[in-house]
Amino acid sequence: MSNLLLDERPLIVLPSLAAMLNSLDEAVILQQIHYWIEKRQNYREGRYWVYNSMENWMQQFPWIKSRTTLTRYFNKLEAKGLLITGNFNKAGFDKTKWYTIDYSALSDFEQRLYRTCTTSDQNLVNGMNRTCTTNTIDYTEITSESTTNKQANAVSADADLSESFNKLWNLYPKKQGKKDAFRHYKAWRKKSKDNTDDYLLRKLNEYKAYLAANQWLHPMNGSTWFNGRFDDDYSTANSQGYQPLQQPQNDGGFAQKLVDGKWTQNEINVAVKGIKNLSPQQKAYYVQPIDQEGNTRYRLDYLAGKAIPISDALDQL
């Protein structure tokens with residue numbers, strides 16, 4: 001079989017996205033970032049992020065031979081408001097950019113595409129058609145009565161959503177950030193007819209059962225949970241089942257047990273000691289016990305899903 005015919009994992013992108021961005025390369029890059037965000041591995045400030053050096057990004061897009069060209073594509077997506085950048089690196093000198101997608105801006109971008117689509121675009125090759133709005137302006141008479149009716153309908157719809165939201169909010173275990181929570185809830189409900197309160201109620205019950213099985217975890221703020229975190233895996237089968245670390249014994253005790261599924265505390269201590277540019281506070285984060293069980297702050301953050309394994313973080317330190 002030819003080496004050019006899908007013996008490797010393909011990069012998939014919608015033609016409509018490429019047309020919207022007027023760039024196939026930018027569309028592939030945006031789709032790939034979305035792919036990594038969906039892995040839900042790096043959660044910061046209410047969003048999931050992905051980070052990579054530009055050299056590593058180039059390995060994912062091997063046809064783009066110039067780092068300057070690839071950087072320009074990222075910058076253009078950022079300038080269009082579709083990419084949000086951040087820096088959550090632990091080492092101050094590390095300037096590796098973190099990326100996430102502004103899905104609201106992407107939705108607005110899509111709406112503008114369909115509003116500006118012309119009738120000449122409707123007929124595609126091979127007899128295929130797509131629905132497309134025209135540039136014809138509908139000069140419907142605008143009266144105070146029609147405007148008032150639209151406003152009244154919008155207020156009524158929001159009032160209905162507010163009532164259904166409050167029923168869920170009353171059941172949520174940590175009532176922090178209600179205003180933002182309702183904003184996220186309202187946007188989610190309006191996004192699809194499949195987004196129902198029954199679904200949220202089921203996910204909320206799963207989350208509460210997950211908290212009951214992991215009593216060392218604190219509930220996240222309501223504004224965070226309603227901002228898409230209800231789709232996390234909260235099945236009890238996925239429960240970490242917190243087991244207090246044992247006090248040091250003659251065989252090395254907890255220092256010899258895997259802290260994060262990869263390294264023991266002794267291995268972490270040795271690695272951290274060998275990194276000369278860490279501040280005392282950063283070293284203490286990884287090696288200093290903070291409770292009677294011998295847990296470090298890193299250990300607790302890892303169990304809570306707030307920290308990546310230090311073995312993966314070494315490239316940033």
Side-chain angles (χ1 to χ4, degrees), residues 11-54 56-58 60-61 64 69-89 94-117 133 154 158 161 165 176-195 199-200 203 220-232 305-306 308 316:
L11 291 172
I12 301 174
V13 66
L14 291 175
S16 56
L17 178 61
M20 181 183 76
L21 296 174
N22 198 30
S23 169
L24 178 58
D25 286 338
E26 289 180 32
V28 173
I29 291 169
L30 193 65
Q31 177 64 49
Q32 189 70 353
I33 292 174
H34 172 69
Y35 167 80
W36 288 115
I37 290 174
E38 286 297 291
K39 297 293 185 180
R40 295 176 177 264
Q41 293 182 343
N42 302 301
Y43 189 75
R44 303 287 191 280
E45 297 182 351
R47 299 173 183 269
Y48 285 97
W49 301 74
V50 57
Y51 62 89
N52 248 329
S53 66
M54 199 54 63
N56 287 334
W57 280 122
M58 290 186 69
Q60 298 187 45
F61 314 115
I64 303 176
T69 300
L70 183 58
T71 301
R72 185 172 68 251
Y73 286 144
F74 274 85
N75 291 341
K76 289 176 70 175
L77 288 169
E78 186 178 349
K80 291 174 181 176
L82 302 179
L83 281 187
I84 301 173
T85 61
N87 186 335
F88 304 102
N89 303 302
D94 191 346
K95 304 303 180 184
T96 301
K97 278 190 175 183
W98 293 47
Y99 293 98
T100 191
I101 296 174
D102 189 333
Y103 290 99
S104 296
L106 182 61
S107 178
D108 291 342
F109 213 90
E110 181 181 12
Q111 293 302 316
R112 292 199 298 274
L113 167 72
Y114 287 113
R115 285 200 300 271
T116 58
C117 179
T133 59
D158 283 355
L161 287 176
F165 167 76
Q176 295 288 331
K178 183 176 182 180
K179 182 177 179 180
D180 285 338
F182 178 58
R183 177 169 55 83
H184 297 316
Y185 164 83
K186 185 167 60 173
W188 180 80
R189 281 292 310 275
K190 292 180 177 180
K191 188 176 182 180
S192 170
K193 61 184 176 68
D194 296 326
N195 294 347
Y199 175 82
L200 281 182
K203 299 301 290 186
M220 65 184 75
N221 290 343
S223 57
T224 302
W225 190 84
F226 278 94
N227 189 20
R229 292 298 301 276
F230 46 78
D231 276 329
D232 288 2
K306 298 178 181 178
I308 62 175
Q316 304 176 47

Output the distance between atom [atom1] ([X]) and atom [atom2] ([Y]), rounded to the nearest 0.5 Å.
X    : Y    : atom1 : atom2 : value
M54  : M58  : CE    : CE    : 9.0 Å
L83  : I101 : CG    : CD1   : 6.5 Å
L77  : I33  : CG    : CD1   : 6.5 Å
S223 : K179 : OG    : NZ    : 12.5 Å
Q31  : I12  : CD    : CD1   : 8.0 Å
N22  : K80  : CG    : NZ    : 7.0 Å

Is a donor on one side and an acceptor on the other found under 3.5 Å between the side chain of [X] and the backbone of [Y]?
X    : Y   : result
W49  : G86 : no
T100 : Y48 : yes
N52  : W57 : no

- Message: So, applying side-chain contact (heavy atoms from CB on, under 4.5 Å) with V28, which one of L30, L24, D25 is it?
- Response: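 One option only clears the test, and that one is L24.
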
- Task: Could you check F230 against Y199 for side chain to side chain contact (heavy atoms under 4.5 Å, CB included), going step by step and ending with a plain yes or no?
- Result: CA-CA 10 Å; F230 46 78; Y199 175 82; 4.2 Å; yes

- Message: So I64 and R72, do their side chains get closer than 4.5 Å, heavy atoms only?
- Response: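 No, every pair of side-chain atoms sits at 4.5 Å or beyond.
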
Grab the two heavy atoms, one from [X] and one from [Y], that are nearest each other, plus how far apart they are.
X    : Y    : value
L106 : M20  : CD1-CE, 3.5 Å
N42  : Y51  : ND2-CE2, 3.7 Å
L200 : F226 : CD1-CE2, 4.4 Å
G222 : A181 : O-CB, 3.8 Å
L161 : R189 : CD2-NH1, 3.7 Å

Between the side chains of [X] and [Y], does any donor sit under 3.5 Å from an acceptor?
X    : Y    : answer
W98  : N89  : yes
D94  : T96  : yes
T224 : N221 : no

- Item | ring pair (Phe, Tyr, Trp, His ring centres under 6.0 Å) evaluation trace for Y73 with F61 | CA-CA 12 Å; Y73 286 144; F61 314 115; 9.1 Å; no

- Item | Verdict with reasoning, K97 to F74, per side chain to side chain contact (heavy atoms under 4.5 Å, CB included) | CA-CA 11 Å; K97 278 190 175 183; F74 274 85; over 6 Å; no

- Message: Tell me if the CG atom of D231 is crowded by more than 12 foreign heavy atoms within 6.0 Å.
- Response: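 Count over threshold, so yes.
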
- Under the side chain to side chain donor-acceptor pair (under 3.5 Å) test, residues paired with Y43 that sit two or more places apart: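 If we apply the side chain to side chain donor-acceptor pair (under 3.5 Å) test to Y43, skipping adjacent residues, there are no hits.
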
